[in-house]
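One structure below.
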2 protein chains.
Amino acid sequence: MNETEKTVAYPSAAYFLQKANLLAPTLQRVDVHPVSLIELYQGTEDWAFREQAPIDQLFTRTFQKGDRVLIDFGTHCVGYVHLSISPIGSPPDAPAYLKVKFGEHLCEMAEDSSDYHGSLSASWIQEEFVHVDVMPTELDLKRRYAFRFMEIVIKDTSPKYQIKIDHLFCETVSSADMNAVPVISCSDPLLNEIDRVSVKTMHDCMQEVFEDGPKRDRRLWIGDLRLQALTNYETFQNNDLVKRCLYLFAGLCQEDGRVSACVFTKPSPITDDTVLFDYSLFFVSCLHDYYMHTKDLACVKELWETACRQIAIAKTYLREDGVLRDRSDWWCFVDWNDVLNKQASAQAIFIYAVKQACTLADVLKDEEKKREFEELSDTLIDGAKRVLWDASKGFFVSGAERQISWASQVWFVLAQVFSKEENEALLKRLIQKNPPVKMITPYLYHHFIEALWISGMQTEAIAYLKSYWGGMIADGADCFYELYDPADKLASPYGSRVINSYCHAWSGTPAYFIRKYLC
Amino acid sequence: MNETEKTVAYPSAAYFLQKANLLAPTLQRVDVHPVSLIELYQGTEDWAFREQAPIDQLFTRTFQKGDRVLIDFGTHCVGYVHLSISPIGSPPDAPAYLKVKFGEHLCEMAEDSSDYHGSLSASWIQEEFVHVDVMPTELDLKRRYAFRFMEIVIKDTSPKYQIKIDHLFCETVSSADMNAVPVISCSDPLLNEIDRVSVKTMHDCMQEVFEDGPKRDRRLWIGDLRLQALTNYETFQNNDLVKRCLYLFAGLCQEDGRVSACVFTKPSPITDDTVLFDYSLFFVSCLHDYYMHTKDLACVKELWETACRQIAIAKTYLREDGVLRDRSDWWCFVDWNDVLNKQASAQAIFIYAVKQACTLADVLKDEEKKREFEELSDTLIDGAKRVLWDASKGFFVSGAERQISWASQVWFVLAQVFSKEENEALLKRLIQKNPPVKMITPYLYHHFIEALWISGMQTEAIAYLKSYWGGMIADGADCFYELYDPADKLASPYGSRVINSYCHAWSGTPAYFIRKYLC
């Protein structure tokens with residue numbers, strides 16, 4: 001045995017990225033045609049629409065300067081829009097100038113883009129101004145849009161000609177095949193409907209990677225990935241897409257070794273500079289879940305060092321009392337809630353991830369890591385019980401102000417530091433006392449439902465599932481929304497709801513619950 | 001000799017178009033780079049600009065939301081703009097959204113497009129809104145622009161990144177080679193400068209056909225073609241481009257056989273539905289001039305029937321007294337002057353064209369046509385002298401109101417119905433009496449200058465040339481304008497001068513005069 005043979009070469013970032021590249025999926029393309037011409041009106045709660053004319057009028061009408069048509073594609077589409085334009089009248093003596101706008105939600109169609117003053121970039125508004133110099137033409141819009149509704153405004157032609165639209169369709173793309181997912185048939189039709197919209201949401205987010213939302217941000221966040229992967233195992237089973245994303249994150253770590261919160265793949269794979277405590281640890285969770293559903297031991301072996309490194313780095317955040325230092329900056333995600341103190345949730349997530357790491361260490365027969373992680377788990381649980389558990393209140397508290405939030409309780413249930421019965425009692429107490437630091441995102445709602453389910457509270461889980469995700473369906477959702485507050489449906493953390501994503505992966509997990517626990 | 005041999009097969013429209021297609025030129029491509037960053041200010045008469053920063057600052061600055069930069073390319077460009085955009089800061093977490101705007105004249109840059117309410121289509125405004133989804137990117141704008149000035153406005157990036165422009169240039173196109181035209185050296189530097197701008201104007205209009213203006217209308221009008229061809233013979237001598245255009249017009253006649261006023265070549269050759277009395281007759285003139293400069297008898301033979309047909313059709317407009325019927329509709333162009341009565345000008349143009357047809361009949365040894373056209377010429381001249389010449393006033397009159405206009409006198413001089421001396425006297429009387437129905441377009445100014453020159457009034461011709469075209473140069477013209485009224489420089493017949501063409505073929509003829517008559 002020589003020196004070379006003794007060296008265990010840990011795979012390089014370039015190797016991981018090459019592996020991810022080889023796993024790139026082929027996108028499936030399905031043409032979707034519009035179904036009707038519609039008009040908007042102000043309903044009692046929000047914008048609503050009604051059919052104005054059958055869709056064939058789109059192809060028989062002639063359009064002139066100032067004309068505007070609003071088109072319903074009948075379903076959420078992610079893809080490339082093609083339309084053909086012919087001149088009617090004299091030969092076109094000037095270019096045609098069109099505005100096209102796409103929206104997932106009616107509010108995007110109803111509100112004027114120039115009135116947008118939200119905190120996110122206006123560049124997300126799916127609106128284009130297009131000059132057509134030569135007609136007839138096949139207008140193949142180059143950008144990918146996520147939408148159900150499309151508006152066409154004829155800004156100008158010339159007095160000498162009008163235009164006609166000969167065809168219009170969306171070439172939808174996804175790396176998932178809708179036909180690969182069996183339709184379920186629960187006794188409750190609302191659950192079937194929730195499942196259908198959930199599967200559709202996941203499908204539309206499954207592109208060259210698992211995207212968080214196909215309208216915005218169109219990229220791979222590991223927080224979303226974890227939930228998408230869990231739902232994928234119950235539905236599409238595109239497990240290679242999960243694997244590809246794991247390799248991308250492994251190949252695109254920060255210089256200090258932390259897994260990034262999100263990565264970009266175009267023009268070439270590159271990491272974002274956002275790192276979140278919980279998101280880095282979810283690399284361990286994603287790898288754990290991937291192994292549980294695939295038994296792909298070779299992959300776990302290759303990515304094990306990256307996983308262990310996340311735990312080692314997270315350990316450096318620990319105080320001597322076995323509890324994570326609290327921080328006031330954006331260090332840990334948990335939920336979009338500005339008042340939420342993250343210390344307790346982070347501690348619980350750390351425990352949750354370390355337990356999964358123990359399982360993987362066991363699978364890999366890595367006794368040293370197993371022992372290390374078991375000890376760490378004990379330290380974290382002990383610290384949590386001593387410092388963060390307020391026995392008098394019956395809740396976990398977080399931060400110097402000892403804040404009691406929904407998030408902290410939910411995550412400690414998921415971390416399973418107490419028995420199932422104790423967790424059930426904790427959740428019931430949570431529901432009954434209803435502390436004011438509430439859940440904001442469907443993402444945290446997912447974790448709440450999961451907590452209910454693993455604590456034997458199936459009835460409550462189903463009730464919340466039906467009321468929260470069923471509420472979106474009642475409001476006309478084609479896919480599940482990034483943000484949904486039943487008490488304030490027009491809310492947006494971005495200052496304008498036209499920028500909200502209305503097809504968002506982290507909201508699309510009901511199919512996971514329904515198919516794993518019910519059907 | 002059998003039946004087949006006796007039949008003279010007149011070439012079909014398809015044959016003409018095939019011939020035109022074979023003559024399609026290869027465009028020459030020359031990259032033009034911007035020269036400075038500028039800022040606008042309101043000068044005493046019109047918008048003016050000054051350098052704000054050297055051009056290298058365009059490539060060293062970083063740009064964020066709301067930034068705006070105004071770029072001077074130093075010369076008029078017709079072509080395709082390429083720029084590359086790189087992100088600075090975090091990886092782009094949202095698309096970049098840019099506005100780019102191009103203008104030939106400062107007024108286009110100074111005035112907000114949303115304020116445009118002119119009569120021509122707003123689609124001519126060279127302004128685009130561009131989303132850039134992936135960066136760094138090579139942004140190859142797909143449309144051809146005609147401009148000297150370019151504005152870039154950063155509508156949005158995101159708070160996490162800014163952008164940098166790595167390079168920017170215009171890939172200019174023309175079927176003419178600037179190096180093929182010798183620089184002239186008159187003793188008068190202003191004439192040299194007028195010649196230079198004239199040649200540049202012609203160059204920029206010479207594309208796959210002779211375009212009227214590369215910004216607007218970007219197409220082949222026979223009125224413009226006639227003047228472009230005349231200038232071309234003295235400069236670029238791209239005679240095949242003239243020939244191609246002649247075949248296009250011959251192949252795209254109206255159903256009744258009239259040559260159209262203009263034709264389109266994309267997506268395939270098609271005729272416009274505009275027909276003008278004078279423009280149809282100019283097919284004869286263009287063919288005559290082409291033969292005179294090329295001696296291409298084969299071409300004249302093929303197009304002779306089309307030329308003769310224009311005269312035959314024009315004859316149907318004649319009254320029994322040998323004078324054209326007057327009409328109140330837009331039947332004959334002559335000049336953009338709403339009050340101008342066209343009857344006399346049309347009569348003169350008919351005479352002008354028929355005389356050229358006589359020359360061609362002579363060349364072709366077509367005795368029958370020669371006799372016919374000589375007789376027609378006599379009839380037209382006789383009618384004109386009897387009915388349209390007002391000896392008491394010493395002017396040609398037009399229409400029932402017996403209108404005296406500059407246009408009528410200019411065209412009767414060009415038709416040479418009187419002797420050179422009589423014409424000189426007529427022109428001197430015209431200048432002295434200065435009737436109120438004036439010349440509006442550089443197109444009619446061209447004919448006035450030509451009339452002066454052929455009547456021995458070189459001094460006046462040069463003076464007008466220097467004052468009119470020199471006036472544009474003094475106002476900063478890079479190319480000669482479609483419209484120029486020294487008394488009202490902000491005028492536009494379209495309700496807004498931003499839509500005027502500032503590089504227009506029919507204004508670019510000074511090189512023809514200077515090189516034919518002076519150098």
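Just so it is clear: chains get the letters A, B, ... in the order the sequence lines come, proteins before strands, and each one is counted from 1.
Neither the backbone nor the side chain of B:Arg144 comes within contact range of chain A; no heavy atoms are under 4.5 Å apart. Residue B:Lys142 does not touch chain A at all, counting heavy-atom pairs closer than 4.5 Å. Residue A:Pro92 touches chain B through its backbone alone, counting heavy-atom pairs closer than 4.5 Å. Residue contact with chain B, scored on non-hydrogen atoms closer than 4.5 Å, is absent for A:Lys65. Using a 4.5 Å cut-off between heavy atoms, A:Lys266 contacts chain B through both its backbone and its side chain. Looking at A:Ile125, the atoms closer than 4.5 Å to chain B (heavy atoms on both sides) all sit in the backbone: N, CA, C or O. The contact between B:Asp133 and chain A is made entirely by side chain atoms (from C-beta outward), counting heavy-atom distances below 4.5 Å. Neither the backbone nor the side chain of A:Arg216 comes within contact range of chain B; no heavy atom of the residue lies under 4.5 Å from a heavy atom of that chain.
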Requested in this report: Dump the intermediate steps for side-chain contact (heavy atoms from CB on, under 4.5 Å) on A:Val275 and A:Ser280, then the final yes or no.
Outcome: CA-CA 7 Å; A:Val275 189; A:Ser280 293; 3.5 Å; yes
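Comparing B:Lys160, B:Met135, B:Arg218 by heavy-atom pairs within less than 4.5 Å of chain A, the highest count is held by B:Lys160. When the candidates B:Thr271, B:Thr157, B:Asp156 are compared by the number of heavy-atom contacts under 4.5 Å with chain A, B:Asp156 comes out ahead.
Between the OH atom of B:Tyr80 and the CG atom of B:Leu141 there is a distance of 11.5 Å, given to the nearest 0.5 Å.
For the pair A:Val259 and A:Tyr279, the minimum side-chain heavy-atom distance is 4.5 Å or more.
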